[in-house]
Amino acid sequence: MNSAPMAFVRELVRVGRRDLTVVAIVAGMCVDWLAAAGAVSRVVAGLISFEGFGLAPHFRRGVESGEVTMEEYSEHLLICRLQAQARRLPFVPTVAGLGTDVPALHAESGALRVETDAATGRAYVACTPLAVDVAVVHVHEADVAGNARVNPKLIWLDSEIVNAAERTIVTAERIVDTASFTAEPHRTTYPRFMVDAVCEAPRGAFPTSCFPDYGHDNGFFEDYLAACSSPEAFGDFFERRVAGPATWADFLAANDVQPAGGDGGEAGS
Amino acid sequence: MNSAPMAFVRELVRVGRRDLTVVAIVAGMCVDWLAAAGAVSRVVAGLISFEGFGLAPHFRRGVESGEVTMEEYSEHLLICRLQAQARRLPFVPTVAGLGTDVPALHAESGALRVETDAATGRAYVACTPLAVDVAVVHVHEADVAGNARVNPKLIWLDSEIVNAAERTIVTAERIVDTASFTAEPHRTTYPRFMVDAVCEAPRGAFPTSCFPDYGHDNGFFEDYLAACSSPEAFGDFFERRVAGPATWADFLAANDVQPAGGDGGEAGS
Amino acid sequence: MSGAAPAVPGYGCTIDELMVVTFSRAMANDTRAFNGAVSFIPVCAYRLARRTHAPDLVWAASSIAVDADPDVVGSSTLSDELWGGASMLANSPFDFWAYAQGARYNTFAFRGAQMDAYGNVNNSVIGPYDNPKIRLPGGGGMADLGCMIPRIYLWSTTHDPRTFVDRLDFRSGVGWGDGGDHRASLGMPGGPQLCITNMCVFDFEPTSKRMRLASLHPGVSVADVQAATGFEVLLPGGEVPATAHPSAEELRLLRTEVDPTGARLREF
Amino acid sequence: MSGAAPAVPGYGCTIDELMVVTFSRAMANDTRAFNGAVSFIPVCAYRLARRTHAPDLVWAASSIAVDADPDVVGSSTLSDELWGGASMLANSPFDFWAYAQGARYNTFAFRGAQMDAYGNVNNSVIGPYDNPKIRLPGGGGMADLGCMIPRIYLWSTTHDPRTFVDRLDFRSGVGWGDGGDHRASLGMPGGPQLCITNMCVFDFEPTSKRMRLASLHPGVSVADVQAATGFEVLLPGGEVPATAHPSAEELRLLRTEVDPTGARLREF
C-alpha cells in the first residue's frame, strides 16, 4: 500500500512487456496490474495482497490458472537472500522460516538450505544470493545526478532491493537541485552512485501512498475490485483508468487526481 | 574521535572501577582514560588510537606491559559478532578478515571460525555471538522515558552495540520533553524500550566531538599527549583535568569548557 | 470487506468488542508489540490495553510507528494512517529485525486462512501448492516472526471447520510446530499463548501444546465449538468458564477513542 | 605529528605534493572512494582528482560524507570537520558495508606500520602478538576492506626497511595475500594497484603479485630504493622512469583549494 513505483509499473503495462519476473517483498496493486496485463510470469515475493481490501484478484487467478508462478518466501527469508547478494556472501543465515513449509519450497533449487550449526547444534536457514537485474523505487525528491531522498527517511525494505540490484531506477515526485541535498545531507536516502536513472513522476505512487504527501486511494481500490465482477467490466476499467491513458498526466486525469495532491487522496496522518 | 560517552567513562575512572572489559569497535581517548586509571583489563576492539594525534599511550603501554589484553578484531568481524548476538544467530558469515592473521587469534576460543561453503567452495569467517552486558552511548537528546535522538541521525556503529547489549545507558546533551520526539518521530534514534537509563551530560562527549554541536578538542588531545612526557606530569594532568573534579560541571570548568558550547571547541563543518 | 458483527447475548456489546476486550486483557504491562496487515482486532486490543491496565505497553503501528496514538484506525493496518502521535518512526529494517530477533519486541498476533491445533497457520494456498484451489496472499512476515517472538496470539473472526483444520494445506507460519517440545528444539522462544475467536478462547495445553478451550463466549456451547473445529478440542478440568464480561469503561474507550469508526468490523 | 616534507629536486614542489599528485593521477573518473583514519595523502588525492581529470569521482569523507568538499582538511580524516558540502551523510553502517561488499565503493587506500612485497599490511603489533614490543592501533577496517574493495592503493611517507619488510609481524590487512592467485582463490575482487612512497612508486608484477618499481622520484636511485626496502625489489624491463612532474595547475589547486592548511604534512 506504500510507495510502490506505480508510474513505472503502468509503463510496463502500457508498452506490453511480457514474461517479467517480479521480486517484491510485500506488494499488491503493482503486481495485480502486471498480472491483469499478462506481463508477469513469475513472482518472487513474501506477500501479495490488497490488505484490508482483500486478495489481489488477477495475481490470484494467474497463479490458480498456472499462468503465473508464485515463488513464495517469507519476508525475512527474501531479505536475507537479497542481503547475501548485496554483500557477495555465499549465504546469510536466519532462524526465520524454521518449522514452516517455506524452506522446502526452495530445497530443490538450492536457494534455501536448512542446516545445523556444528558448534551449537542450532538449526538455521542458509539463504543464498538472489540476483536482481533492476531495482525500481519511488522517492520524494531526486536530482539529475541521481541523489534521491525519501521524506522522511522511511525506506523500510526498498534499500534491500537497491543494494542487491545490478542497476537502480528511481521515480521521483519532484526533481530538485543538488543544492537541496547539500543543504540537508543527512536526509539523503540513496547516493548518486547507487542510482542509474531518474524519472520525474508526480504522484507516481498512486493509488498507493507516498507518506506524508498523500495516502493510498481507497476509491481506486474499491472501483478496481468492483470492476472485477465481470471480465468486460474490468477490461473497460483497466483500459480507461490504467493502461489506456497515453501519458502519466493523462492517467492522473483519468483518475481525477492532480499531480500536486490535495485532491481527495487521503492525507497521511 | 566522535561522540564517545566520555562523561560516563570519566565516572568509571572517578569511582575507581577495576577489571573492566571494554568492547569498542573504534575508540581512543575513552579507552586511554580507563587504561591510565588501571580500570580496564581487557579490550575487545578493532582500532584504538588518537588518530591524527598518534597512538593511545596508556592503552599501548598497558598492552605492552601485559596489564591489558587486546583482543583484536577487524571492525567488521566485531560488528558481525555483535549482529550474531543481537539476532540470536549461531553465527554471522563474512568475507572480512580472510587472508589476514585476525581470525587465527580467535580460533582457539571458537569466537571466529574460517569455514568453506559446501555449495560454492567459497571461504567465509563464521562470527559467533559476542555477549555485551551494558551499552553506553552518547546522544543529543533524550526524554525521561528513554527515547533518544542523535542529531542528525548519525549512529554509525553505536546501534550495533545497543542492539547486542543486555541493557543500554544513554547519556544525553539535553533532556527534553516527549513532545519533542512526537513532533519529529522520524528523527528518533533509539526507542524507549531499548534504553534502560538516561543521564543528562551536557558536552558529555568532550574532548571527542558531538556533531554538529561541537568538534573534538584539539587542545585537550595535545595537552594530554604533552603531559605523557613523564609519569609525574601525567599524574598531575590526569588528576587536574580528568579524574579529580568532583562533578561533570567541575570537569568542564577544569577544562575551560562551557556546557552550552561556543567556547573554543572546534565547530563541526 | 466491512460487515456487521453479531451481538453477544446479555453482554451489551458485539462479538468484535468482546474479542478486542478479551485480547486486551491478555496484554501485560511489559508487552512490546507491533502489527502486520489486516490486524484490526489486535491493533484495537493494544490501543485499549494502553488506556486501561497496561499504560507502559509498547505498540509499533505497522511495525514502524512506536507509541502511535492515531485518532482513528483506517482501512489498512499497514498504512501510514496509523502513525499519528508516534514518538518514533523506526524506519530501519535492520533495527526492526534486531528488535524482533532479540525479543525486544515480545508480542505478535497473526491469523491464517487455516489454523491447526498447534497454532500453526496457513495463509499461502488452499489445495496443493503447485496447483492451488485458492492462491492466498502468502505468509509474509508470519513465517519469520512466528520463529522469533515469544508471545504469539492468534485470532479468528471465522471460527468454522474450513479455518480450524486438522491438517494445514501449507504451513506458512509456525506456532507450536509439531507440538510437544518441537518449537523449543528449534531454538525458538515462547510460543502461542491464546487463540481468540468469535466463539471462544483457546489456550494451549502445556505438554501437548494443542489448543484447549479456555472460555466460551455467551450463547456458545462446547458442542458448538467442537462442531466448528476440524480437530479435537481439548477441554480443561471442570466447567468451561464464560468469557469475562467487558467493563462499561472498556467498551466506552473502544467505541469512542480506540476505534470510533469501527475499522475492526472489516474483519467480519 | 606535523612535520615538514623535503623538496623534490628540480620539481618545484615538496615530496608530499608529488605523492598527492601521483596518487591523484592514478584515479580514474569512475573512482568511488572513501577513507579511514590518518589518510591525509589519499584524501588530498581524491579532492585533487575531482578538480582535475576525474570530475565524477565519488569520495565519501570519513566513509560517511558523500561528495564532501570541505574548506580545509583538518586534524583528523575521520572527523566531521571533513563533511562540509556533502550531498549525503550515509549514516547507515548496513548500507556502507553493502556498498563496500558489492564494490559500489571500488577504491580504498591504506598504509601500515609494516608492509610486505605483496601489499599486505601490519598495523597491529611490532613483535609477537601476545608480547608486543609496540602495540599499534589495530587493523580497524583494513582487514575488512582489503578483502572487499577491488582497487587498493598503498602509500607510505616512511620508506625504510622497518616499514617495508620481508615478513610482517602480523597481517592486519590483506593485499595480494601470499601472492600469485592466492587473493583470487579467496574470492576477493581485484587487489593492490600501486604503492606510492616518499621515494618511488611501486606497481605489482602481474604473475607473482610482488611490488615492482614503476617510477623513481627525482634524486632517488634504484639502489636507494633497494637499500630502503626489506624485500627484493623487482625491476621493470628497461629503464625505470622518473615519477611524472606535477603540473603548475595541480600544485596550485592542492596548495590553495585542496589542502590550504597543509594537513597532509601530519603524515611527515
Side-chain angles (χ1 to χ4, degrees), chain A residues 79-92 129-132 135 137 139 141-168 176-196, chain D residues 27-34 46 50 54-71 80 82-107 144-145 147-151 183-190:
Chain A
I79 289 171
C80 288
R81 288 202 66 196
L82 292 168
Q83 290 180 349
Q85 175 70 19
R87 302 174 192 178
R88 306 292 188 266
L89 293 170
F91 67 92
V92 162
L130 174 62
V132 177
V137 293
V139 306
E141 284 142 14
D143 68 16
V144 294
N147 294 301
R149 175 196 290 151
V150 180
N151 173 17
K153 194 170 177 171
L154 287 164
I155 52 177
W156 200 232
L157 306 168
D158 283 358
S159 63
E160 307 280 8
I161 292 185
V162 169
N163 287 344
E166 280 299 300
R167 279 159 299 164
T168 291
V176 300
D177 289 341
T178 299
S180 164
F181 291 93
T182 310
E184 298 182 279
H186 56 284
R187 292 181 53 224
T188 306
T189 310
Y190 306 112
R192 63 179 168 97
F193 61 85
M194 293 300 287
V195 175
D196 298 272
Chain D
M27 296 298 103
N29 194 36
D30 70 346
T31 298
R32 299 183 296 274
F34 56 96
Y46 302 140
R50 204 158 58 184
D56 297 326
L57 176 147
V58 171
W59 165 54
S62 318
S63 306
I64 288 180
V66 178
D67 288 344
D69 192 17
D71 294 334
D80 45 56
L82 273 188
W83 298 352
S87 59
M88 177 179 191
L89 298 180
N91 66 311
S92 162
F94 297 99
D95 286 336
F96 172 79
W97 290 107
Y99 298 166
Q101 286 166 292
R104 307 301 186 124
Y105 285 131
N106 60 17
T107 301
D144 309 317
L145 297 159
C147 302
M148 298 169 186
I149 303 296
R151 304 179 196 168
R183 182 180 170 91
S185 75
L186 292 170
M188 299 174 189

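Chain identifiers are assigned alphabetically (A, B, ...) following the order of the sequence lines, protein sequences preceding nucleic acid strands; residue numbering begins at 1 within each chain.
Distance check: A:Q85 CD to D:Q101 CD gives 12.0 Å after rounding to the nearest 0.5 Å.
The greatest number of non-hydrogen atom pairs below 4.5 Å with chain A, out of D:P189, D:G102, D:A103, D:A60, is found for D:G102.
Atom CG of D:D71 is surrounded by 12 or fewer heavy atoms from other residues, nucleotides or ligands within 6.0 Å. Counting non-hydrogen atoms of other residues, nucleotides and ligands closer than 6.0 Å to CD of A:E184 gives a total above 12.
In terms of heavy atoms, A:R192 sits closest to D:V58 at NH2-CG2, 3.4 Å. In terms of heavy atoms, A:P185 sits closest to D:A86 at CB-O, 3.3 Å. Between D:G85 and A:T182, the closest heavy-atom pair is O-CG2, 3.4 Å. Across every non-hydrogen atom of D:M88 and A:T189, the tightest pair is CE-O, 3.3 Å.
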Subject >> Intermediate values then yes/no, side-chain contact (heavy atoms from CB on, under 4.5 Å), D:F94 and A:R87 >> reply: CA-CA 10 Å; D:F94 297 99; A:R87 302 174 192 178; 4.2 Å; yes
**OP:** Decide side-chain contact (heavy atoms from CB on, under 4.5 Å) for D:D95 and A:M194; before the verdict, give the C-alpha distance in whole Å, the side-chain angles of both, and the deciding distance to 0.1 Å.
**Re:** CA-CA 11 Å; D:D95 286 336; A:M194 293 300 287; over 6 Å; no
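Only the side chain of A:N147 comes within contact range of chain D, with heavy atoms under 4.5 Å apart. Of the atoms belonging to D:R32, it is side-chain heavy atoms, and not backbone ones, that fall under 4.5 Å from chain A. In this structure, no portion of D:D69 lies under 4.5 Å from any heavy atom of chain A.
Using cut-offs of 30° and 60° on the angle between ring planes, the pair D:Y105 and A:F193 is tilted.
Listed for the D:S87 side chain is no donor-acceptor partner under 3.5 Å among the backbone atoms of A:F181.
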